[in-house]
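Below is one structure, written out as structure tokens; the observations come after it.
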Amino acid sequence: MAALGGDGLRLLSVSRPQRPSESAALGGPGPGLCCWVSVFSCLSLACSYVGSLYVWKSELPRDHPAVIKRRFTSVLVVSSLSPLCVLLWRELTGIQPGTSLLTLMGFRLEGIFPAALLPLLLTMILFLGPLMQLSMDCPCDLADGLKVVLAPRSWARCLTDMRWLRNQVIAPLTEELVFRACMLPMLAPCMGLGPAVFTCPLFFGVAHFHHIIEQLRFRQSSVGNIFLSAAFQFSYTAVFGAYTAFLFIRTGHLIGPVLCHSFCNYMGFPAVCAALEHPQRRPLLAGYALGVGLFLLLLQPLTDPKLYGSLPLCVLLERAGDSEAPLCS
């Protein structure tokens, strides 16, 4: 995800043309007030999401099943109510998106199959090196691995594993819903799609700082290491958030970012240092380089809006007078 370069980066960084003010185009308040309402709404959503994790008082660590179950409840409640924040934002700003609220948030059927498959394929290409590394280090061959993956018992074990459900289902779904599907429609009319792609992940990155509290509380490492780890996690999650925001805008769907989020949670951060010391490091490093190269090459074609139908956020900006938003073509 760190490699949003090439044509993809050019698309994200093109300056936006001059356009009529939002108040003239949409009949709402001035752009200054619209921006303040948008930023405050996003900040409220981020604080509510993180705050929901701490409404339960417990001396147990975050990975304890009882803690995970309680947090499931509070996070699902906050996430279910988050569209109301977008609805309130719409009423306060007077902005009329020209489409339903659910469609604006990426819940639509048009283009859903390519939106589910192509972003995930693109992300797997980026992780070509780590996938090769995982295959080399796996004691079983491909046939045995497929049997395990497709076995009903394996899925039954996963569905009863609280940590697996948190990392692969609940966290990707709720975080993408709150930090992408709800925030981007509010930020885009204020600052445009390009800046919104990079602003939205800041809320996402800051929201992960709450892990510092638990690490300090349970003394899992030295204070310096904890803050260094938090800074790294902020950087990684911010870059990842920009990538999934880019996918959300370019596809107009929530399903792609959710699946990519789940996949990346499973893979974790690429073990580059281990790859450098691997017995088969030459083909492995070649796989890393090939994956990044193909990712940059395919980033624009596989996220071409023509593959996914009408894009709700682009329709919203067209109504605001920005008919040449670079991410919309």
Side-chain angles (χ1 to χ4, degrees), residues 12 16 22-23 26 28-54 74-97 99 101-107 171-211 233-250 252-254 257-258 261 311-314 316-317 319-320 322 325 327:
L12 298 182
R16 299 169 58 247
E22 284 90 342
S23 56
L26 299 174
L33 178 59
C34 174
C35 285
W36 277 110
V37 172
S38 299
V39 172
F40 180 77
S41 299
C42 292
L43 185 61
S44 300
L45 275 178
C47 291
S48 299
Y49 187 92
V50 176
S52 70
L53 302 175
Y54 293 95
S74 53
V75 163
L76 287 172
V77 169
V78 169
S79 301
S80 300
L81 295 176
S82 59
L84 296 179
C85 187
V86 185
L87 187 63
L88 179 62
W89 162 83
R90 188 182 67 180
E91 296 301 318
L92 290 175
T93 60
I95 291 177
Q96 299 301 321
T99 185
L101 186 63
L102 288 177
T103 299
L104 189 65
M105 293 171 58
F107 293 95
L173 178 60
T174 59
E175 289 179 2
E176 294 304 320
L177 173 62
V178 172
F179 292 95
R180 247 66 71 186
C182 289
M183 290 189 181
L184 281 171
M186 295 190 289
L187 292 174
C190 166
M191 58 185 64
L193 292 178
V197 164
F198 293 107
T199 303
C200 183
L202 298 181
F203 295 100
F204 183 60
V206 170
H208 284 75
F209 270 119
H210 74 91
H211 293 308
Q233 187 178 33
F234 170 79
S235 303
Y236 177 66
T237 53
V239 171
F240 173 76
Y243 173 60
T244 55
F246 176 81
L247 292 177
F248 180 83
I249 292 171
R250 295 275 286 178
H253 282 273
L254 180 62
V258 170
H261 194 147
L311 303 183
L313 284 182
C314 295
L316 174 63
L317 288 194
R319 290 172 62 83
D322 189 357
L327 290 180

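- Partners of Ala196 by side-chain contact (heavy atoms from CB on, under 4.5 Å), not counting sequence neighbours, listed by chain and number: Leu184, Leu187, Met191.
- For the atom pair Leu45 CG and Cys182 SG, the distance stands at 6.0 Å (nearest 0.5 Å).
- Here Leu81 pairs with Val77, Leu84 under the side-chain contact (heavy atoms from CB on, under 4.5 Å) rule; sequence neighbours left out.
- The two atoms that bring Pro201 and Ala242 nearest to each other are CG-N, 3.2 Å, heavy atoms only.
- The shortest distance between side-chain heavy atoms of Leu313 and Phe248 falls below 4.5 Å.
- Listed here is the closest heavy atom pair of Pro83 and Ser80: CD-O, 3.3 Å.
- To the nearest 0.5 Å, the span separating OG on Ser74 from CG on Leu53 amounts to 6.0 Å.
- Listed here is the closest heavy atom pair of Leu316 and Pro185: CD2-O, 3.8 Å.
- Between the side chain of Ser79 and the backbone N or O of Leu76 there is no donor-acceptor pair closer than 3.5 Å.
- A distance of 10.5 Å separates CH2 of Trp89 from CG of Leu87, quoted to the nearest 0.5 Å.
- The CD atom of Gln96 sits 6.0 Å away from atom CZ of Arg90, with the distance rounded to the nearest 0.5 Å.
- Formation of a donor-acceptor pair under 3.5 Å by the Thr93 side chain with backbone atoms of Cys34 is not found in this model.
- Once rounded to the nearest 0.5 Å, the distance linking CE of Met105 with NE2 of His253 reads 14.5 Å.
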Apply the test side-chain contact (heavy atoms from CB on, under 4.5 Å) to residues Phe203 and Val178: give CA-CA distance (whole Å), side-chain angles for both, the deciding distance (0.1 Å), then the verdict.
-> CA-CA 10 Å; Phe203 295 100; Val178 172; over 6 Å; no
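- Arg180 places no side-chain N or O within donor-acceptor distance of the main-chain N or O of Glu175, the cut-off being under 3.5 Å.
- Across all non-hydrogen atoms, the minimal contact from Pro257 to Leu247 is CG-CB, 4.3 Å.
- With sequence neighbours excluded, the residues that form a side chain to side chain donor-acceptor pair (under 3.5 Å) with Thr174 are Tyr49.
- Distance CH2/Trp36 to CG/Leu92: 15.5 Å, rounded to 0.5 Å.
- Under the 2.5 Å cut-off for SG-SG separation, Cys42 and Cys200 do not qualify: their sulfur atoms lie farther apart than that.
- Taking the six-membered ring where tryptophan is involved, the planes of Tyr243 and Phe240 are tilted, since the angle between them lies from 30° to 60°.
- Across every non-hydrogen atom of Leu254 and Leu177, the tightest pair is CD1-N, 4.1 Å.
- Closest approach of Leu311 to Gly252, counting heavy atoms only: CD2-N, 3.8 Å.
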